[in-house]
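Below: the structure, in structure tokens.
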Amino acid sequence: MHRNGPKQDIDESELTVTQPKEQAAGVTAVAVALKRGVEEMGVLRTARTLARLNQVHGFDCPGCAWPEPTGHRRPAEFCENGAKAVAEEATLRTVTPEFFAQHSIEELASKSGYWLGQQGRLTHPMVLRPGATHYTPIEWDDAYQLIVEHLRALSSPDEALFYTSGRTANETAFLYQLLVRSFGTNNLPDCSNMCHESSGAALTSSIGIGKGSVSIDDFGKADLIIVAGQNPGTNHPRMLSALAGAKANGAKVIAVNPLPETGLLGFRDPQTVKGFTSGVAIADDFLQIRLGGDMALFQGLGKLLFEAEDRQPGTVVDRAFVDAHCAGFAEYEKSMRAVDLGTVRAATGLSDDDLHRTATLLAESKNIIICWAMGLTQQKHGVATIEEATNLLLLRGMIGKPGAGVCPVRGHSNVQGDRTMGIWEKMPEDFLDALDREFGITSPRKHGYDTVDAIRAMRAGAAQVFFGMGGNFVSATPDTGVTEAALRSCALTVHVSTKLNRSHVVHGVTALILPTLGRTDLDLQNGTKQQVSVEDSMSMVHLSTGRLKPVSEHLRSEVAIVCELAQTLFGADHPVPWAQYQLDYDKIRDAIARVVPGCDDYNKRVRDRDGFVLPHPPRDSREFRTTTGKANFAVNELTWVPVPEGRLILQTLRSHDQYNTTIYGLDDRYRGVHGGRKVVLMNIDDITEFGFVDGDLVDLVSEWTDGTERKVTGFRIVEYSTPRGNAAAYYPETNPLVPLDHVAARSNTPVSKAVTIRVEPHVHVEQPS
Ligand SMILES: Nc1nc2c(c(=O)[nH]1)N[C@H]1C(S)=C(S)[C@@H](COP(=O)(O)OP(=O)(O)OC[C@H]3O[C@@H](n4cnc5c(=O)[nH]c(N)nc54)[C@H](O)[C@@H]3O)O[C@H]1N2
Ligand SMILES: Nc1nc2c(c(=O)[nH]1)N[C@H]1C(S)=C(S)[C@@H](COP(=O)(O)OP(=O)(O)OC[C@H]3O[C@@H](n4cnc5c(=O)[nH]c(N)nc54)[C@H](O)[C@@H]3O)O[C@H]1N2
Ligand code: SF4
Ligand SMILES: [Mo]
């Protein structure tokens, strides 16, 4: 079944730009999904795989964390990007030991992430010995030995880092954190540190739990839905169906975004007959906000809501809810009344009319949901911004009733589950107590490093072993130059991966690639079929069963890799029954049931038709387990992102044809960018002011407060509808521009959505031959 990947890398000179699309999804989306499937998997495998995607006895889509509808499921419960995610994983192209013999590390390091990923699935465990030019095959047992030797050589367990990306299933996540804590450290950085950490921090402080409070059914009951800092047409495509359904029931949708994202403005549902021929506008109103202006918006709206209450007392503030369930209301009211609307207009770029229109809708709607993603979280004041959004909902009594609530829309398909299972550098004491009781271990209590601190630790020589459970650490993290040097300084880097990526070629002195099964793959342990479980963005937990024949007999499941490594590391008489867990994942689920809150009877309930929903006290009973025992109104000083003279504020975002650092193709169809990725979207007035024209090649230079500069070169200017002073370019190409120390207050999340840059003409430097 071996097939080779494409030989050609990206040629940016083939980049073309067309008008952005006015409607998302529709027939083209279906056609693209099928074409990508057939290219990678062939016709039969495509048909078999897509038929099982998101179905009750099938596998969970590895695309994103948007939930499946409960009850009746349509025959095709997936979207274009879900199909692409599956094609990417279920591909028949392979990266074999022969591939590694043909390509040196130096050569692979010169390729784009796109090229690396397109080569196919990894088939063998591989090792790069100190000073070697090529990866060579290694036996699994020898690989474990090598890791254990390095771990034992450390002077403290805290010198090892154990990263997790959010595709990892609950069973793996639970065992992995157990291994790490048995070893003696809480160094469990994860992709969530770069993603919804700000949501977790804000919601925990405001309502006592870091998860969203709505279910998919609430969308059908809402009459106002605000979607802020999110591009669902690309990143959570089936959310558009939920929004379209809400609108059919009379809801209004407001999009808050610097860009007129296609999916928000128009949508053709490919799963309905009508959707093939006509579309609906999703957003009733579009607030084209300036980057980082959301906190000002929510504060301005807070002020206007109090003024509306003054005009018609008793109609806006939900006194009964506030009195019974909230703390800090008086301080909040005082701070809102002091908000200066002039500052709000400057910070947001919105008009008085925009603010009043939105406030009126907020005051009059009976059931309000606020959704958000990276546009809010990856800001310096991301935590405070989310608290301000939550304040508005508390004021209106919108938590813990049908059709209303907070909705952080998670990224990776199991990033929320990983947290529930203990992947966090600072898990609460009661979780660690339960873990210790169950297994007779002593978990360390000192908090570990998150992602940014992990990079700092490597840079400082305080960490020498990096272990990645999935993901692509080097490309996903900020400040690429700094991070690459940090990883290269490690004695050992290990990656459990499905596909080749840049983290394999920017390596420690010794490096290992451990190839693993993905969601779609059949997982047999000792001849018995195993299943895993996952949790979506709305706390629904259910099983996922892969059925495809793995591309190589040398792949091992993530669970098997953790269990085998643990046995090598701890020996046979360790209190955790690793060997049993490996052979029967039901046994892992039994342990999860005893340790993880809300998971009682886990084995039975994950097998229910739609799975089960984890408890959420504010949603279930308006109970708020915060420091005050009530929902907390937060008071924050207004923060926003002014544009310095002659500079731009740059956001780094996803194209329609990528999954984080995995580039599926070169077609950002909705935005009209084709054939390449090095573009910078700019407002026409900025282009003109800086003396450029659309199509010019430029270098982007980021400036940081300590006087240091970072640069990426050869980007094409594309005239685009974005607020004055705000620009956009794709991640990960622009990660070198994000300073490591540019992080959100209270969540330490890299500020990927507001980097100060200047734009310089691109000077072509001839390489010496
Ligand atoms: N196909 C596909 N699906 C994905 C992913 C993928 O890469 N590809 N990634 C997954 C992951 S891990 C995640 S976290 C999610 C990410 O999902 P999103 O958060 O939708 O992803 P981004 O592309 O970062 O888009 C950020 C959006 O916020 C807007 N924005 C930026 N800054 C601001 C701001 O200051 N204020 C406001 N109001 N808006 C702003 C941008 O214009 C853009 O529309 O998607 C998940 N799903
Ligand atoms: N500038 C900038 N940087 C960002 C962001 C941004 O918006 N702007 N977004 C941030 C966000 S929200 C996130 S979540 C992170 C993402 O950070 P990561 O999660 O680290 O990155 P991914 O690109 O999702 O990881 C892709 C790799 O995962 C491996 N993989 C895929 N499936 C599996 C599997 O089933 N098992 C295993 N073991 N491996 C698998 C493959 O080898 C693939 O190459 O990036 C962050 N970085
Ligand atoms: S919305 Fe997300 S989870 Fe659902 S099919 Fe699309 S990519 Fe997969
Ligand atoms: Mo994410």
Ser192: side chain to side chain contact (heavy atoms under 4.5 Å, CB included) partners, not counting sequence neighbours: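 Per chain and number, Ser192 pairs via side chain to side chain contact (heavy atoms under 4.5 Å, CB included) with Asp190, Glu197, Val415, Arg419.
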
Residues which pass side chain to side chain contact (heavy atoms under 4.5 Å, CB included) with Arg445, listed by chain and number, not counting sequence neighbours: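 Arg445 satisfies side chain to side chain contact (heavy atoms under 4.5 Å, CB included) with Glu429, Leu432, Asp433, Asp436, Ser443 once adjacent residues are dropped.
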
Listed partners of Tyr176 passing ring pair (Phe, Tyr, Trp, His ring centres under 6.0 Å), at least two apart: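 With neighbours one apart ignored, the set is Phe467.
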
Nearest-0.5 Å distance, CE of residue Met421 to CG of residue Asn170: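 Separation between the atoms: 4.0 Å.
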
Can a salt bridge be assigned to the pair [X] and [Y] using a cut-off of 4.0 Å between side-chain N and carboxylate O?
{"X": "Glu80", "Y": "Arg238", "value": "no"}
{"X": "Lys84", "Y": "Glu88", "value": "no"}
{"X": "Arg594", "Y": "Asp600", "value": "no"}
{"X": "Glu425", "Y": "Lys446", "value": "no"}
{"X": "Asp584", "Y": "Arg589", "value": "no"}
{"X": "Asp60", "Y": "Arg519", "value": "yes"}
{"X": "Arg605", "Y": "Asp610", "value": "no"}

Ring pair (Phe, Tyr, Trp, His ring centres under 6.0 Å) contacts touching residues 580-623 (sequence neighbours left out):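 Every ring pair (Phe, Tyr, Trp, His ring centres under 6.0 Å) pair that includes a residue of residues 580-623, provided the two are not neighbours, is Tyr602-Phe612.
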
Contact list for residues 529-550, test ring pair (Phe, Tyr, Trp, His ring centres under 6.0 Å), sequence neighbours left out: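 Checked against ring pair (Phe, Tyr, Trp, His ring centres under 6.0 Å) - neighbours excluded - no pair reaches residues 529-550.
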
Geometric class of the Phe162/Phe183 ring pair [parallel <30°, tilted 30-60°, perpendicular >60°]: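 Perpendicular, since the angle between the ring planes exceeds 60°.
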
For Glu553, all residues meeting side chain to side chain donor-acceptor pair (under 3.5 Å), sequence neighbours excluded: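 Once residues adjacent in sequence are excluded, Glu553 has no partner under the side chain to side chain donor-acceptor pair (under 3.5 Å) criterion.
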
